[in-house]
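Below you'll find the structure, written out as structure tokens, and then a few comments.
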Amino acid sequence: MNIILLGAPGAGKGTQAKILVEGRGMIQLSTGDMLRAARTSGTEMGKRVAAIMDAGQLVTDQIVIGLIAEQIDAHPEGGFIFDGFPRTLAQADALEDLLAAKGQRLDAVIELSVDDEALVQRIVKRAAEAQAAGLPVRSDDNPEVFAGRLREYYKKTAPLTGYYHAKRRLTVIDGMLPVDAVTAAVAAVLNG
Ligand code: AMP
């Protein structure tokens, strides 16, 4: 089974993806995590995308499609949770082609819907908790950069809701619910 978790930054995609990895042995493919790893390890690509990420903008489709293609190739058995990918219509089209080339399909697209104000509060909390724990604070969780990330989301990623609705794959879940309730709603979609 292959699924996409859609939703604004801070909607809870990563939290739900980790629960699915632990509970069902699925493979989380987070392009944000892959890009951060590329930056930390100092690859050429990591250096190229650093400024774009710090500005809260999207890196090029070509780069993230390349990252996802490598992972799809590496796991022919599938079982993917796409987290933070696709973020543009071009990425969504590319994903369909990549999966089809491996005889795979998308089984569900789940959108976690959360109010903007709650998103901002969650990000402020996430940054404060990381700081208190002595962990690195994501530079793009800075409130000004976060506002830019939200704008990018509404401009470039929100149209994917219509795209997947038209394909009859979309389920919207209220991401304002407590985590356990969101997890139960996600499980209900996956269990059909
Ligand atoms: P995330 O951790 O998913 O919020 O991603 C952090 C940052 O990585 C984003 O703000 C973008 O700069 C970049 N990024 C992650 N995934 C994508 C994607 N699918 N397309 C373009 N940029 C991405």
Side-chain angles (χ1 to χ4, degrees), residues 2-18 27-73 80-99 106 109-124 126-127 130 136-167 169-170 172 175:
N2 300 303
I3 68 164
I4 294 176
L5 293 178
L6 272 185
K13 304 185 297 292
T15 301
Q16 290 304 321
K18 289 195 169 57
I27 303 167
Q28 178 186 11
L29 295 184
S30 157
T31 38
D33 285 351
M34 293 176 207
L35 292 166
R36 279 185 288 278
R39 288 181 65 165
T40 309
S41 57
T43 64
E44 267 316 304
M45 184 268 281
K47 286 182 202 156
R48 258 189 295 147
V49 300
I52 299 172
M53 292 175 75
D54 287 342
Q57 290 163 0
L58 295 188
V59 310
T60 63
D61 288 335
Q62 196 195 3
I63 287 177
V64 287
I65 291 168
L67 290 170
I68 289 289
E70 275 175 25
Q71 293 299 318
I72 291 178
D73 272 346
F80 302 116
I81 306 159
F82 296 98
D83 161 14
F85 180 93
R87 264 177 155 98
T88 64
L89 292 168
Q91 292 176 25
D93 279 338
L95 179 60
E96 299 269 325
D97 293 346
L98 287 169
L99 288 173
L106 262 181
V109 178
I110 297 174
E111 182 192 349
L112 303 179
S113 167
V114 175
D115 297 349
D116 286 358
E117 267 175 42
L119 292 172
V120 174
Q121 282 167 9
R122 286 182 186 188
I123 292 303
V124 168
R126 173 160 93 183
V137 176
R138 281 177 57 165
S139 55
D140 58 356
D141 275 351
N142 153 301
E144 266 171 43
V145 179
F146 186 74
R149 286 167 68 200
L150 265 189
R151 277 196 298 276
E152 284 281 89
Y153 171 77
Y154 284 114
K155 200 158 65 177
K156 297 181 180 159
T157 309
L160 294 182
T161 303
Y163 176 95
Y164 288 117
H165 175 73
K167 290 178 182 282
R169 306 237 187 85
L170 184 74
V172 181

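Count residues from 1 along the sequence. These numbers come from the heavy atoms of this one structure, side chains and all, not from hydrogens, waters or symmetry mates.
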[X] versus [Y], closest heavy-atom pair with distance:
X: V109; Y: L106; value: CG2-CD1, 4.3 Å
X: V172; Y: S113; value: CG1-CB, 3.9 Å
X: A17; Y: I81; value: O-CD1, 3.6 Å
X: R122; Y: G10; value: NH1-O, 3.0 Å
X: L150; Y: P9; value: CD2-CD, 4.3 Å
X: G14; Y: D83; value: CA-OD2, 3.7 Å

What donor-acceptor contacts under 3.5 angstrom involve side-chain atoms of residues 50-64, with partners at least two apart or in another chain?
unit_1: D54; atom_1: OD1; unit_2: R39; atom_2: NH1; d: 3.0
unit_1: D54; atom_1: OD1; unit_2: R39; atom_2: NH2; d: 3.3
unit_1: D54; atom_1: OD1; unit_2: S139; atom_2: OG; d: 2.9
unit_1: D54; atom_1: OD2; unit_2: R39; atom_2: NH2; d: 3.1
unit_1: T60; atom_1: OG1; unit_2: I63; atom_2: N; d: 3.4
unit_1: D61; atom_1: OD1; unit_2: T88; atom_2: OG1; d: 2.9
unit_1: D61; atom_1: OD1; unit_2: Q91; atom_2: NE2; d: 2.8

Test of understanding: with salt bridge (Lys or Arg N to Asp or Glu O under 4.0 Å), list the residues that count as partners of [X], not counting sequence neighbours.
X: R138; value: D140
X: E44; value: K47
X: D115; value: none
X: R48; value: none

For the [atom1] atom of [X] and the [atom2] atom of [Y], what is their distance to the nearest 0.5 Å?
X: I4; Y: L29; atom1: CD1; atom2: CG; value: 11.0 Å
X: D141; Y: R149; atom1: CG; atom2: CZ; value: 5.5 Å
X: I110; Y: L6; atom1: CD1; atom2: CG; value: 9.5 Å
X: L5; Y: E111; atom1: CG; atom2: CD; value: 11.0 Å

[X]: side-chain contact (heavy atoms from CB on, under 4.5 Å) partners, not counting sequence neighbours:
X: A11; answer: L112, V114, L119
X: L98; answer: I65, I68, A69, I72
X: K167; answer: E96, Y163, Y164, R169
X: A37; answer: none

Side-chain heavy-atom pair V120, F146 within 4.5 angstrom cut-off | yes
Using a 4.5 Å cut-off on heavy atoms from C-beta on, say whether the side chain of V124 contacts that of Q121.
-> no
For F82, enumerate each residue passing the ring pair (Phe, Tyr, Trp, His ring centres under 6.0 Å) test, keeping only those at least two apart in sequence or located in another chain.
-> F80
With sequence neighbours excluded, give me every salt bridge (Lys or Arg N to Asp or Glu O under 4.0 Å) pair touching residues 8-18.
-> none
Return the set of residues passing side chain to side chain donor-acceptor pair (under 3.5 Å) with R87 (not counting sequence neighbours), or none when no residue passes.
-> none
